[in-house]
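I have placed the structure first, in the form of structure tokens, so that the comments after it can refer back to it.
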There are 2 protein chains.
Amino acid sequence: MNVEKPRTRIQQKNRERILNAALDVFSAEGFRGATIDQIAIAAELSKPNLLYYFPSKEAIYTEVLSSLLTTWLDPLQAIDSQGDPIEEILGYVRRKLELSRDFPRESRLFANEILRGAPRILDQIEGPLRRMVDDKVALFQNWSRDGKISPIDPFHLIFSIWATTQHYADFSVQVRGILRTNDDAHYVDAEDFLMTLYRATLTPRGN
Amino acid sequence: MNVEKPRTRIQQKNRERILNAALDVFSAEGFRGATIDQIAIAAELSKPNLLYYFPSKEAIYTEVLSSLLTTWLDPLQAIDSQGDPIEEILGYVRRKLELSRDFPRESRLFANEILRGAPRILDQIEGPLRRMVDDKVALFQNWSRDGKISPIDPFHLIFSIWATTQHYADFSVQVRGILRTNDDAHYVDAEDFLMTLYRATLTPRGN
DNA sequence: GTCTATATTAAGATAGAC
DNA sequence: GTCTATCTTAATATAGAC
């Protein structure tokens, strides 16, 4: 898999322009809201020229979406069963928050797809994603059993990490509206808060 | 405000049917994805008949959206400055989670609107919502200062509560796919988890 | 108030010249 | 590979009879 067909330099460049433009438009408007016209304008190509590279709007969308999925799952995979439990989980939170800050378009595209019922990626969710979550859940349960982290529900821990980190990208308009900000400075406070939140929860009490 | 125009019983009934059908369709498809046809079918009315009650698709959407906003903000307002700080905040989390379970369509409609940049409710966010958040932030800061809750960032605390609770409605497909469930039984575990999470974080240490 | 029929526009996609 | 022109469909909205 992932075998790239040989392409001329101009083909490569145009495909990249299109996919980048498509990410802009799809993440801002959703699949139905986006138009080929908008994408073509953003990619600085004519509409028929764009359709020379991709057979349909759907094809562009699927390509953007699938190219995004691996990046999206990588951080979870990176949790190391040999590392310090609390630092591993906090590191995961930190990486997810960085993704939220540096790739907000990807986050919103993904959010939009899930919100619509995940018609194109339900297989990925019930396949690879679920397997990886199950794997980490088992790890967290071992850590709990050994008293390395407190005994919390590992599924809901993961859901809460996804929710709290992606919130800053997906609900960006609301966050910025309330904080009266246009830049990314608040991500520093967000990180501090989330580190405190999860450290307080994961650190075993008593003993 | 909220002055209802006098209407016949049949008008009342049909308006309600339309608004309920519209909530179904808009929350599942988004504004652009939804069609008047779908709404008309769901409301069991003909398309022209539906347009006899509302002048346009946009008008239906705005009505649904604005009727939702008050309900959405009420729980925050309900936090009582005279109550026990930790129990007040945990109660807020619980009420938000109940909203997520009992009104997932409303949550998804709201999420969709924010995701699109909140074109129709930015005023509400930067007006009433921001004022109420500022108010509760001040309250949380007082509670922190008096040692009633630990010294965390109150803005990010509120964001995290919104994120973790609404996640179960907005990302429902993903949550259910991973938990292999079709019902709402997991909300019990979610509540347990969130109570533990926020109690651990809010309870002042040391002293 | 409700219907059938239809006008109008927007958007996805294709034909065919260059 | 890129363009202009155009086909086709779907969707919003309206006209006008009943």
Check your understanding: How would you label the contact of Ala34(A) with the nucleic acid (heavy atoms, under 4.0 Å): base, sugar-phosphate, or nothing?
Key -> sugar-phosphate

Check your understanding: Asn20(B) and Arg105(B): side-chain donor and acceptor closer than 3.5 Å?
Key -> yes

Practice item. Give the rounded distance in Å between these two atoms: CD1 of Ile60(A) and C1' of dA13(C). Key: 12 Å

Review point. NA contact type, Leu51(B), heavy-atom cut-off 4.0 Å: base, sugar-phosphate, or nothing?
Key: base

Review point. Do Arg120(B) and Phe31(B) meet the cation-pi criteria used here (NZ or CZ under 6.0 Å from the six-membered ring centre, within 45° of the axis)?
Key: yes

Practice item. Considering just the side-chain nitrogens and oxygens of Asn49(B), establish if one lies under 4.0 Å of OP1 or OP2 belonging to dG1(C). Key: no

Check your understanding: To the nearest Å, how far apart are Glu58(B) CD and dA13(D) P?
Key -> 9 Å

Practice item. Could you tell me whether Ile10(B) contacts a base, only the sugar-phosphate backbone, or nothing, with contacts defined as non-hydrogen atoms closer than 4.0 Å? Key: sugar-phosphate

Revision key, fill the gap. Picking from dT4(C), dT14(C), dT2(C), the nucleotide nearest the side-chain atoms of Pro48(A) would be dT14(C)

Review point. Looking at Glu113(B) and Arg108(B), does any basic side-chain N land under 4.0 Å from a carboxylate oxygen?
Key: no

Practice item. Quickly work out the Asp37(B) CG to dC3(C) P distance and round it to whole Å. Key: 13 Å

**Study point:** Between dC3(D) (C1') and Leu50(A) (CG): distance, integer Å
**Key:** 14 Å

Check your understanding: Taking OP1 and OP2 of dG1(D), is either one under 4.0 Å from a side-chain nitrogen or oxygen of Ser46(A)?
Key -> no

Check your understanding: Should Arg180(A) and Glu126(B) count as an ion pair when the cut-off is N to O under 4.0 Å?
Key -> no

Check your understanding: Nearest-Å distance, CD (Glu29(A)) to P (dG12(C))?
Key -> 12 Å

Revision key, fill the gap. When Gln11(B) and Lys57(A) are each assigned the nearest nucleotide of DNA chain C, the 5'-most assignment goes to Gln11(B)

Check your understanding: Is any side-chain N of the basic residue among Arg32(B) and Glu29(A) closer than 4.0 Å to the acidic one's carboxylate O?
Key -> no

Check your understanding: Could you give the CZ-to-P distance, from Arg15(B) to dG1(C), as a whole number of Å?
Key -> 12 Å

Exercise for review: Would you indicate, yes or no, if dT2(C) has its OP1 or OP2 atom less than 4.0 angstrom from a side-chain nitrogen or oxygen of Asn14(B)?
Suggested key: yes

Practice item. In whole angstrom, give the distance that lies between atom CD of Gln38(A) and atom P of dG12(C). Key: 9 Å

Practice item. Please state whether the phosphate of dC3(C), meaning OP1 or OP2, lies under 4.0 angstrom from any side-chain nitrogen or oxygen of Tyr52(B). Key: no

Revision key, fill the gap. When rounded to whole Å, the CD to C1' distance for the pair Glu44(A) and dT2(D) reads 15 Å

Check your understanding: Can you tell me if the side-chain N/O atoms of Arg32(A) get under 4.0 Å from OP1 or OP2 in dA11(C)?
Key -> no

